[in-house]
Amino acid sequence: MSERTVALVTGANKGIGYEIAAGLGALGWRVGVGARDGRRREEAVAKLRTGGVDAFGVPLDVTDDASVSAAARLLEAEAGGLDVLVNNAGVTGGGQQRPGDVDLATVRTAVEVNVIGVVRVTEAMLPLLRRSASPRIVNMSSGVGSLARQSASAGEHETGPLAVAYSPSKTMLNAVTIQYARALADTNILINAACPGFTATDLNGFRGVRTPQQGAAIAIRLATLPDGGPTGGYFEDAGVIPW
Ligand code: NAP
């Protein structure tokens with residue numbers, strides 16, 4: 001394992017993922033820029049390098065077994081392993097998902113990327129993470145995945161639009177995070193779910209009110225937790241989110 005901390009950020013070619021890569025790179029870490037499109041990936045790597053980040057491209061489609069296995073092999077060859085995995089790649093699913101007017105393909109897409117994609121990448125990277133001195137996993141969830149906030153009594157919090165695909169996919173991702181935290185409780189791997197807040201990115205047509213840099217902050221905090229820090233938690237900048 002290399003002396004320097006090595007991170008992989010999925011969906012790092014733009015938006016919040018790009019800023020997570022930039023923030024971790026600013027710490028002097030080596031950062032794998034996970035992205036499925038070659039041109040967008042290499043543009044992001046070049047921009048990060050111009051900013052002084054030791055970035056390298058990791059071809060990665062989280063919905064594709066072969067792509068994810070190849071990414072694990074590339075990390076081994078290029079960086080000698082992996083210390084920190086940020087599962088950031090995510091989609092809304094795109095199409096109709098308002099209860100009463102649901103396109104099932106939209107639900108499948110959201111679950112395939114936001115849930116199964118995270119499980120696929122995590123399973124592939126665990127053997128590398130287990131060799132690290134201070135491994136961390138951050139799952140980029142959303143506050144709209146909180147069942148407490150989705151319920152009618154959610155009150156003041158942003159609950160997001162009614163959605164049968166996106167919000168429930170993040171709820172399942174939260175449960176997945178808890179399952180891994182329990183399984184890894186007797187290891188040094190800390191795994192937590194994060195909400196970036198409503199951030200201006202492609203995901204919401206740039207309607208978000210936070211900058212991608214602000215959205216990246218909570219993931220960077222959870223990626224840099226000290227040994228013995230929290231695991232199996234769900235956090236935003238303001239603190240703990242109710243499940
Ligand atoms: P974004 O700008 O749309 O970025 C999403 C990233 O995920 C892109 O790099 C995209 O790559 C990548 N991606 C999508 N499907 C992929 C796949 N199959 N394989 C690999 N990469 C894939 O959105 P964002 O707002 O930065 O979202 C980042 C994360 O934050 C997501 O998990 C999202 O759910 C979460 N989040 C965002 C907000 C918000 O307000 N923006 C709020 C709560 C949570 P391409 O460029 O190739 O499509």
Side-chain angles (χ1 to χ4, degrees), residues 1-13 17-18 20-49 51-90 112-140 173 176-177 179-181 183-192 216 219-220 222-225 227 229 231:
M1 191 76 223
S2 115
E3 299 260 302
R4 289 171 63 203
T5 302
V6 177
L8 170 66
V9 183
T10 71
N13 54 289
Y18 176 86
I20 296 170
L24 297 179
L27 302 172
W29 293 12
R30 291 203 72 199
V31 182
V33 175
R36 55 186 168 172
D37 179 84
R39 187 182 53 78
R40 291 199 293 272
R41 180 177 61 251
E42 289 320 313
E43 280 174 5
V45 168
K47 201 169 144 198
L48 286 163
R49 283 192 183 148
V53 173
D54 186 359
F56 59 98
V58 180
L60 182 64
D61 180 338
V62 303
T63 66
D64 185 287
D65 286 341
S67 167
V68 172
S69 306
R73 289 196 298 275
L74 186 149
L75 279 156
E76 184 76 86
E78 171 78 26
L82 181 67
D83 301 290
V84 173
L85 169 63
V86 182
N87 285 310
N88 165 80
E112 186 61 54
V113 177
N114 300 350
V115 184
I116 300 173
V118 171
V119 174
R120 181 181 286 110
V121 173
T122 303
E123 287 294 313
M125 301 301 162
L126 264 181
L128 307 186
L129 291 165
R130 286 184 192 278
R131 297 193 336 242
S132 165
S134 295
R136 308 286 178 258
I137 302 171
V138 182
N139 289 339
M140 196 51 107
L173 175 60
V176 162
T177 306
Q179 294 293 321
Y180 276 93
L184 297 170
D186 60 353
T187 74
N188 58 355
I189 301 178
L190 304 179
I191 175 167
N192 291 286
I220 293 169
L222 295 173
T224 56
L225 284 173
D227 292 342
T231 191

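The nearest pair of heavy atoms linking Ala124 to Ala72 is O-CB, 3.8 Å. Contact detail for Leu24 and Ala223: the closest heavy-atom pair is CD2-CB, 4.0 Å. Across Ala26 and Val53, no two heavy atoms sit closer than the pair N-CG2, 4.4 Å. A pairwise comparison of heavy atoms in Ala7 and Trp29 identifies CB-CE3, 3.9 Å as the closest pair. In this structure, Ala219 and Ile20 approach most closely via the heavy-atom pair CB-CD1, 3.6 Å. Across all their heavy atoms, Val58 and Ala71 have their closest contact at CG1-CB, 3.6 Å.
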Item to check | side chain to side chain contact (heavy atoms under 4.5 Å, CB included) evaluation trace for Leu129 with Asp83 | outcome: CA-CA 5 Å; Leu129 291 165; Asp83 301 290; 5.6 Å; no
Checklist entry - Where do Ile137 and Met125 land on the side chain to side chain contact (heavy atoms under 4.5 Å, CB included) test, with the steps shown first? => result CA-CA 10 Å; Ile137 302 171; Met125 301 301 162; over 6 Å; no
Checklist entry - Stepwise, does the salt bridge (charged side-chain N to carboxylate O under 4.0 Å, His left out) test hold for Arg131 with Glu76? => result CA-CA 11 Å; Arg131 297 193 336 242; Glu76 184 76 86; 2.9 Å; yes
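Within the 4.5 Å cutoff, the side chain of Glu112 has no heavy atoms near those of the Val62 side chain. Contact annotation: the side chain of Val119 approaches that of Val176 to within less than 4.5 Å [non-hydrogen atoms, C-beta and beyond]. You'll find the side chain of Val9 reaches within 4.5 Å of the side chain of Val31, heavy atoms only. A 4.5 Å side-chain heavy-atom check between Leu8 and Val86 finds every atom pair outside the cut-off. The shortest distance between side-chain heavy atoms of Leu126 and Tyr180 falls below 4.5 Å. Side-chain contact between Phe56 and Leu48: absent, with no pair of heavy atoms (C-beta onward) separated by less than 4.5 Å. Taking the side chain as every heavy atom from C-beta outward, Arg30 and Glu78 approach each other to under 4.5 Å. Side-chain contact between Thr122 and Asn87: present, with at least one pair of heavy atoms (C-beta onward) separated by less than 4.5 Å.
Checking Asp227 against Ser134 by side-chain atom types alone, a donor-acceptor pair falls below 3.5 Å.
Just one of Asn139, Ile116, Leu85 meets the side-chain contact (heavy atoms from CB on, under 4.5 Å) condition when paired with Val121; it is Leu85.
Ionic pairing of Asp54 and Arg4 is present here: one or more N-O contacts between side-chain nitrogen and carboxylate oxygen are shorter than 4.0 angstrom. Using a 4.0 Å cut-off between charged nitrogen and carboxylate oxygen, Asp65 and Arg120 count as a salt-bridge pair. Salt bridge status for Lys47 with Glu43: absent, with no side-chain N to carboxylate O gap under 4.0 Å.
Arg36 contributes no side-chain N or O that, together with a main-chain N or O of Leu60, makes up a donor-acceptor pair within less than 3.5 Å. Under a 3.5 Å cut-off, the side chain of Thr63 and the backbone N or O of Val113 do not form any donor-acceptor pair. Arg136 contributes no side-chain N or O that, together with a main-chain N or O of Leu222, makes up a donor-acceptor pair within less than 3.5 Å.
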If you look only at distance, which donor and acceptor atoms sit under 3.5 Å apart when one is on a side chain in residues 183-192 and the other is two or more places apart or in another chain?
residue	atom	partner	partner atom	Å
Thr187	OG1	Leu184	O	2.7
Thr187	OG1	Ile189	N	3.0
Asn188	ND2	Ser132	O	3.3
Asn188	ND2	Ala133	O	3.0
Asn192	OD1	Gly232	N	3.3
Asn192	OD1	Gly233	N	2.8
Asn192	ND2	Pro230	O	2.9

